[in-house]
Each structure stands twice: as C-alpha cells, then as structure tokens.
Student: 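One structure coming up, written as structure tokens, with questions to follow.
Any value given below was found using the heavy atoms of this structure, including those in side chains, with hydrogens, waters and symmetry copies removed. Letters A, B, ... mirror the listed sequences (proteins, then strands); counts begin at 1.
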Amino acid sequence: MMEEVLKRVFRYGAFRDGQRQIVESVLAGHDTVAILPTGGGKSICYQLPSYLQPAGLTVIVSPLLSLIEDQIMQIKRRGERAVAKLTSLESRDQKEEILRHLNQLRYLYLSPEQLAAPQIQQRLAEIKINLFVVDEAHCISQWGHEFRTDYAKLGEIRQRLSNPTCLALTATATAQVEQDIIRGLALTQAKRIRHSVNRPEIQLIVEQTEPSKKDEVLSRRLETVNRPCVIYTTTRKEAERIASIVPQAAYYHAGLEPEDRQLIQQQFLHDEIDCLVCTSAFGMGVDKGNVRTVIHYTMPATIEAYMQEIGRAGRDGQPSTAVLLYAPGDQQLQQFLVDKQYASLLWIDQVTQYRGRGESFEAIEQRLHLDPDDPAYRLLKGQLTEGKTKSQIIEWQEERKKIRLRELMQMINYIQNMFCRRAFILEHFDERPVVQDRCCDNCGTITMDEPVVRTGFAQLDWKNRLEEVFFSSRPSV
DNA sequence: CGCCCCTATTCTAGAATAGGGGCGGTGCCCTAGT
C-alpha cells in the first residue's frame, strides 16, 4: 500500500532509511520527532501519509519563504495541484481566496509568523487537519527563544487547532534541542525516531593558528582541498574580504538583495561558482550533493550549528572534508553576539519605568531613541506584552545567556579536545563513538585530497597574491 | 569585547603613532512616509 503510493505518486522504487518508520508512526497517529540526515528525503515523510488518509489538510510550518517556494514547486512538478502557501508575498485577496478553499487543499505551507495570526488560526480551526508538520524543527530551539519568538508559540497554536498529529523534522538535535522541540510543540507522548547524526564521509580537521596568520593558513588549505567549497565566516564584511582574496570565489550573506542571493545560490548549485564565502545565512534547504569541503574561517556559536554547516558537505556520500580554523580570541565575537541579543539592564529599567506610568511603546521609543526594529528591544517588548515583570525578564535573560555561553564553551572544548573529534561530537549528541577511516586530525587518519591543478593567480605565493588583489580590484561576483 | 578606519597630533614638516568612534548574525513581517 505505502509502496504503491511511493511508486505511483512520488516515482520512487523504495523507501530510504527511516522514511517508512516515520510514515508508519504518523499514520498510526503518533506525534513524532524525527532526526533524519540532510538529503534523507524528509519531504516524503510528511507528503506521503496524506494519500493514505481520508480527506484532510497537511499543514507545514517552514522557516524560510525560499524553502516554501521550492517545496511547492516540487509538489506541482509531480502533478499535485492541491497545494498553497500563506506568506507575506500573498496579497490580502489571495489569502482570503486560499482560506475560503482550505477544504480542497492537500498541503498548506506557512511561516510561524503567519500561523500566529488569529484570523488564520480561526479559519484553520474550522477544518480537519490530518497532520501538523514542523520542518527544520531545530529552529524552535535555535530561534524560538529570542530571534523568532513565534516559533515558541507553535505548541499552543497546535493545541488550539484540536491537537492534530504532529511531525517535527530536523537533521541534527542534541537531547537538549529535542527537549526544546517537544516542549515547544506541547507534545506529550512523542515518538522519537533517530538516525545517527554521524556523517562518516566527512573527515574532521581543526587547525589552530595565530590571528595574524589566518589568511595564510586558509590560503594553504585551499590549495590542498577539493572544490566545490564553502567557507563560513562570522561577519558579512569578512565574507566579502575573503571572497576578494580567494580566486574564483563569491560571497553570500543576508545583506545582499534577495535576487542576488538567489542568483548566487543558483550559480553555486549549478557549479558555476565553486567557492562560496558566506555567513550563517547560507545553507538551510540547499540541496547540493557534491560539496567537497566546508571550511570555517571562524567558528560558529554551537556544535549543533557546526554540524548543520559541515553537513552541507558530502551529501552525495563521497569523501569530503571539514576544516575549522581557530585562533585564540575567536570566541569573543560569538560571545558579543549572544550578549547583543538581550536588552541591557538600563533599557529594561527605563522601559519598565515608563510602562509603569502608562506610556505607550511608541512614546517610549521616541523618548529613549530606541529603534523599534532592534531585535533586543523587540524581544523585551514582546515579553512585557506577555505580562512578564522586570525581575522575571532579567532572570530569564541571565539563564538564557548562561545556557548559550555553555554551548559556546562546548564548541571551544571541541576545538581543544586532544582525542577523537568524531567521538566528541557523537558523545555530544548522546551517541556511541564509532571507529572509521578518514576520521579526524587527532586520530591521525586524515587523507589528503588529490592535488588540484591550479593555474595563474592561484599559484602565486601569498604576498604576491595580496599585491595582485591590491592593484587589480576584481569584482568578486 | 576587539577590530578597523579615520582623524589629530607629533617631531622625523611628511610619515608615524595615538586616540576616538563605529561596527559586529540569523528572517519573518505591510511598518510609515513619499
């Protein structure tokens, strides 16, 4: 039965690891949290059950508009037309049209922000929802607390929609993140289906250096690793700078125009660019099999994020390499970025004071010259709106900072750990260590990539290369 | 907090250094003023 649908609708001959188990769990009506490696065919898991159930809607909460577009395109391409989305890109009329015909739809995609709107909840409450899906569910843990707080409301909303069966999907989750997901979605008896987060095809390397030697170390690395290659940096400026000194590289970050972002991502996807220098903005939903190398010029804030980012290598299963460059002090910027997310004690003090006198937020913003778009201020505003007191907010912030600094410390521990790096990561995800070839630099089982033949620019030594860059400003995109 | 860039001050009167200030990630969302 399931196989028949898989073949007829999706044109696949067989299930991949874990897919069948997830579909069965969902069909049996179990709330399910599934950890499936990237490229493991997650969309089948929530798209297939619909064909084996009586009429009803599958609601999919997705973090990025581009991801929603991609998914809908794929669904339409296989001939299914009963699919729609609710995002800021739809006009009022279009939305009304979709909401009027919900019962004729098979799939509805939306952002957590749209789902937070009461009008949309009301309309969804009137129809039968077969399955409530949260794609990239680690966002609940990663973004739900501070950055996109509508992610934290999903549980309450789901319950208001008559508690439909829920499926949360992600590629990586520590016990802590899984707990955040289960709590965030208000799941009581969640069935947990875990595939190992290990990616045996990726060998793990950390290279420690001095801050002033980083460019040199990067350049030497680039001569021995294969492409396509992704280089992660923390700041936009650094992404642009490195793209300007690495031959054949382009940069990608959230400061680019949406059209440029899409263009560059497409070019990278189609092998027209073979080195992409980017911030954490790049990666989610990127389906490219042949990425051979992921280099971190600076470290990410958590091991979780690190796994997500290096996981973009080797999705075709071929040998790949992850290199993390570290110089003492690198963690300072990450530490700053954590702090920056929360309101200062001064702000909290002033804003609560004026609120206590009955002033509107608008008036307070003017008075204190606060930017209403500042994420830290918006977080504070949201918490005050929820009725939290000053001391509750301060206490919560301190707790959150502590958790996040602990995560950052674990990232440092990974870097300074003298034993097997893979074992360290697997332990972090509550998994047993494995023994394998091409493991990590500490195991001493690293293999060099085939030397890549380079011409011209790339063969110059580092000083010459800097001069070259200095005297010929070449656009990097 | 540490960096990078700009300006001001210095004695080497034009290049070197010290000090001040701004900057630093991730994405939804129809804001409000042309």
Side-chain angles (χ1 to χ4, degrees), chain A residues 61-69 85-95 109-120 134-136 138-154 210-212 214-215 232-242 251-258 261-262 277-286 296-302 304-306 308-309 327-342 344 360-362 365-366 370-379 381-382 401 404-405 407-408 411:
Chain A
V61 177
S62 174
L64 305 180
L65 301 185
S66 60
L67 232 59
I68 293 176
E69 308 261 1
K85 66 187 169 85
L86 291 173
T87 72
S88 59
L89 301 176
E90 278 68 49
S91 69
R92 220 192 180 90
D93 290 350
Q94 284 173 317
K95 279 185 186 167
Y109 283 84
L110 36 59
S111 64
E113 287 80 7
Q114 293 287 327
L115 192 57
Q119 316 85 282
I120 291 179
V134 181
D135 198 12
E136 308 286 357
H138 61 280
C139 293
I140 294 172
S141 174
Q142 189 187 310
W143 285 346
H145 299 285
E146 294 91 6
F147 183 51
R148 289 177 74 179
T149 48
D150 286 322
Y151 258 111
K153 300 176 188 158
L154 292 180
E210 292 302 311
S212 61
K214 268 200 156 175
D215 282 3
Y232 276 101
T233 65
T234 306
T235 67
R236 297 173 177 186
K237 205 183 245 173
E238 194 131 72
E240 295 188 16
R241 184 183 66 82
I242 289 170
Y251 61 84
Y252 180 104
H253 56 63
L256 300 180
E257 294 299 319
R261 288 180 70 165
Q262 212 204 331
V277 193
C278 59
T279 62
S280 61
F282 178 80
M284 211 161 23
V286 174
H296 279 77
Y297 187 82
T298 44
M299 64 176 182
T302 66
E304 186 93 18
Y306 186 60
Q308 289 272 350
E309 286 168 2
D330 276 1
Q331 66 276 26
Q332 306 271 7
L333 179 55
Q334 290 297 349
Q335 215 168 99
F336 169 85
L337 291 175
V338 169
D339 273 342
K340 188 175 86 98
Q341 255 189 333
Y342 306 94
S344 66
S360 71
F361 282 113
E362 290 77 12
E365 284 154 23
Q366 293 234 324
L370 294 173
D371 175 4
D373 289 329
D374 182 313
Y377 169 67
R378 278 174 41 196
L379 180 61
K381 189 170 153 185
K401 278 192 209 174
R404 298 184 60 194
L405 291 180
E407 286 176 333
L408 183 56
M411 189 70 222

Student: Write down the atom of Thr233(A), the atom of Val277(A), and the distance for their closest heavy-atom approach.
Tutor: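 Heavy atoms of Thr233(A) and Val277(A) come nearest at CG2-CG1, 3.9 Å.
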Student: Could you pull out all residues at least two apart from Glu210(A) that satisfy salt bridge (Lys or Arg N to Asp or Glu O under 4.0 Å)?
Tutor: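 Scan of Glu210(A) (salt bridge (Lys or Arg N to Asp or Glu O under 4.0 Å), adjacent residues dropped) gives none.
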Student: Remember a base hit wins even if backbone is also touched, and classify Gln114(A) as base, sugar-phosphate or nothing at under 4.0 Å, heavy atoms.
Tutor: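 Sugar-phosphate, backbone atoms only, no base.
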Student: Suppose you measure atom P in dT17(B) against the same atom in dT12(B); what distance do you get, rounded to whole Å?
Tutor: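 So the two P atoms sit 13 Å from each other.
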Student: Work out how far the C1' atom of dA13(B) is from that of dA8(B), and round it to whole angstrom.
Tutor: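 After rounding to an integer number of Å, I get 15 Å for this pair.
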Student: Between Glu240(A) and Lys237(A), does any NZ, NE, NH1 or NH2 come within less than 4.0 Å of an OD or OE carboxylate oxygen?
Tutor: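 Here Lys237(A) does not pair with Glu240(A) in a salt bridge, since their nearest N and O are not under 4.0 Å apart.
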Student: Quick check on side chain to side chain donor-acceptor pair (under 3.5 Å): which of Asp215(A), Thr235(A), Thr234(A), Asp330(A) does Tyr297(A) satisfy it with?
Tutor: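 By the side chain to side chain donor-acceptor pair (under 3.5 Å) criterion, Tyr297(A) pairs with just one of Asp215(A), Thr235(A), Thr234(A), Asp330(A): Asp215(A).
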Student: Residues two or more places apart in sequence or in another chain: which of them pass salt bridge (Lys or Arg N to Asp or Glu O under 4.0 Å) with Lys340(A)?
Tutor: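 Listed in chain order: nothing, the list is empty.
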Student: Base, sugar-phosphate or nothing for Arg236(A)? Non-hydrogen atoms, less than 4.0 Å.
Tutor: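 Sugar-phosphate: the residue Arg236(A), judged by heavy atoms under 4.0 Å, touches backbone atoms but no base.
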Student: Base, sugar-phosphate alone, or nothing: which one does Arg378(A) contact when heavy atoms must sit under 4.0 Å apart?
Tutor: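 Here Arg378(A) touches the bases of the nucleic acid.
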Student: Could you work out the separation of dT31(B) and dG27(B) based on their C1' atoms and round it to a whole Å?
Tutor: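 Approximately 16 Å lies between the C1' atom of dT31(B) and that of dG27(B).
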Student: Has Lys381(A) got its NZ or CZ under 6.0 Å from the middle of the six-membered ring of Phe361(A), at an angle within 45 degrees of the ring axis?
Tutor: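 Yes, cation above the ring, under 6.0 Å and within 45°.
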Student: Want to settle it: does Pro211(A) or Phe336(A) sit nearer the 5' end of DNA chain B, counting the closest nucleotide to each?
Tutor: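 The answer here is Pro211(A).
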Student: Is dA13(B) in the syn range, within 90° of 0, or in the anti range?
Tutor: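 dA13(B): syn.
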Student: In chain order, what residues pass the salt bridge (Lys or Arg N to Asp or Glu O under 4.0 Å) check against Arg261(A), with sequence neighbours excluded?
Tutor: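 Partners of Arg261(A) under the salt bridge (Lys or Arg N to Asp or Glu O under 4.0 Å) test: none.
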Student: Taking only residues two or more places apart in sequence, or in another chain, which ones meet Arg236(A) in a salt bridge (Lys or Arg N to Asp or Glu O under 4.0 Å)?
Tutor: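 With neighbours one apart ignored, the set is empty.
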Student: Along DNA chain B, 5' to 3', what are the outermost nucleotides having an atom less than 4.0 Å from a heavy atom of chain A?
Tutor: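 Counting from the 5' end, contacts occupy dC1(B) to dC30(B).
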Student: Quick one: on DNA chain B, does Arg404(A) or Leu89(A) contact a more 5' nucleotide (nearest heavy atom)?
Tutor: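 It is Arg404(A), whose closest nucleotide lies nearer the 5' terminus.
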Student: Closer than 3.5 angstrom, by distance alone: can the side chain of Gln334(A) be matched with the main-chain N or O of Met299(A) as a donor-acceptor pair?
Tutor: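 Yes, the answer is positive, given that a donor and an acceptor are paired below the 3.5 Å cut-off.
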Student: Name all stems that contain residues of DNA chain B, defined as runs of 3 or more consecutive Watson-Crick or G-U wobble pairs, both distances under 3.5 Å.
Tutor: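 Stems found: B:1-11 with B:14-24.
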